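Just so you know, ligand 1 is whichever comes first in the structure, and atom 1 is the first atom listed for that ligand. Quick caveat, the model's predicted, so the values are computed rather than measured. Numbering of residues begins at 1 and proceeds along the displayed sequence.
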Amino acid sequence: MIDGRIYNFSAGPSMLPEAVLLRAKEEFLNCGGSGMSVLEMSHRSKVFDDIINAAKDNIRKILNVPENYRILFLHGGASGMFAAIPMNIGTGSGIADYIISGNFSGAAQKEGKKYLKEARIAATTEDVNFTRIPKQEELNLSPEADYVHVCWNNTIFGTKYQYIPETNGVPLVADMSSSILSEPVDVSKFGIIYAGVQKNLAPSGLALMIIREDLLGKEMAITPKIWKFATQDEKNSMLNTPPTWPIYIVKLVTDYLMEQGGLEEMKRRNVEKAALLYDYLDSQDFYISTVEKADRSLMNVTFRTADPELDKAFVAGQAAHGFSNLKGHRLVGGMRASIYNAMPKEGVEALIAYMKEFAAAH
Ligand SMILES: *Cc1c(COP(=O)(O)O)cnc(C)c1O
């Protein structure tokens, strides 16, 4: 870590690899020999065109995206997609199945309701405060649905799907905002994968979408032009001025991930980091892991003590130890350590050392 920087456990926007920040700094005033910053550059310029194409090519390579899928960059973050997806693909039966596993999947369903005939709740684990992911046998899916929507990694609650739901041919749509590029994914099992980029990819202001070709061109007439997936695909995601800076950082981050060995290597590191924390949590009884073991997230580790006052004291002590953003989300309480790709193993080791010290003192 560069002097003065701290281990930032923020759920998003979150840490970016230092090598990427340094590269951006190096190119900040003069990008690609253009004599200007990306911040000042026309999105119609050759330099920017090369950047967006490289970003897309990198995503395709790194995630092994099949030929019959398109890659889009869209305005509005993940929440924008909660509306854009029903508008674009909810036009067959007008019915969609939502599997509710936390706050964001619920928000997606509420937004879907505005545009769909029916935004069905196919399963929910709200009764256990989302401490686990619904199981395949709990899914009450409708065969006529236009799509099934899931939130792959529940950023707030700290759970993740460990299986790919079987939907009998109905396109599976996954919000992967907080797990995108953390490990390999079989893209061919999904109709749409989308993500707000500010967790594991870039600064905020952008959604990445990977969409199967046959889902393009079905949109409702009311769909805003900037969110018509088919049009954005035709226009190389530049119907209007796109968020150029986040797209540029997506390019740098994906360049970096490929240099580092791609998603197999990211998975190896992320499993190693998460195991350090979970093994420690399982080895003692001062801290309590807040979710079911089988569904634990690799990216967002949630835990608490038996006493909310102690949780407060733990969070209050973080700055003195060189950490930030360890406070849990208000829906869960306690603590949350978000350990995306850019969090070094040393950051997790330092956190565990603090946890041990705090437990011993209390
Ligand atoms: C952060 C997050 C969102 C919200 O993203 P925005 O880009 O702010 O709309 C949605 N879903 C998941 C899983 C998230 O982690």
| task | Determine, step by step, whether Y98 and H149 satisfy the ring pair (Phe, Tyr, Trp, His ring centres under 6.0 Å) criterion, reporting the C-alpha distance in whole Å, the side-chain angles of both residues, the deciding distance to 0.1 Å, and the verdict. | result | CA-CA 5 Å; Y98 284 82; H149 182 279; 5.1 Å; yes

Among protein heavy atoms, which sits nearest to [atom], and what does the distance come to when rounded to 0.1 Å?
atom	result
atom 2 (C) of ligand 1	K199 NZ, 2.5 Å
atom 9 (O) of ligand 1	S79 OG, 2.6 Å
atom 6 (P) of ligand 1	Q198 NE2, 3.4 Å
atom 3 (C) of ligand 1	F104 CE2, 3.4 Å

| query | Would one find more than 12 heavy atoms of other residues, nucleotides or ligands at under 6.0 Å from atom CD of Q162? | reply | yes

| Can you list the ligand 1 atoms lying under 4.0 Å from a non-hydrogen atom of T155? | 12 (C), 13 (C), 14 (C), 15 (O)

| message | Under a 4.0 angstrom heavy-atom cut-off, which atoms of ligand 1 come close to C151? | response | 13 (C)

| message | Could you check, using the six-membered ring where one of them is a Trp, whether Y354 and F314 have ring centers closer than 6.0 angstrom? | response | yes

| Do any N/O atoms on N153 end up under 3.5 angstrom from N/O atoms on ligand 1? | no

| request: Answer yes or no: does an N/O atom from A78 fall short of 3.5 Å to an N/O atom of ligand 1? | output: yes

| message | Check for me whether K189 meets the cation-pi criterion with Y161, that is, NZ or CZ under 6.0 Å from the six-membered ring centre and within 45 degrees of the ring axis. | response | no

| remark: If you compare N200, D175, N300 by their heavy atoms, the one closest to atom 13 (C) of ligand 1 turns out to be D175

| field | F358 side chain near L310 side chain, heavy-atom distance below 4.5 Å | value | yes

| request: Give a yes or no on whether the backbone of A11 and the side-chain of Y340 come within a donor-acceptor separation of less than 3.5 Å. | output: yes

| request: Determine the interplanar angle of the F104 and F82 rings, folded into 0 to 90°, and report it as parallel if under 30°, tilted if 30 to 60°, perpendicular if over 60°. | output: tilted

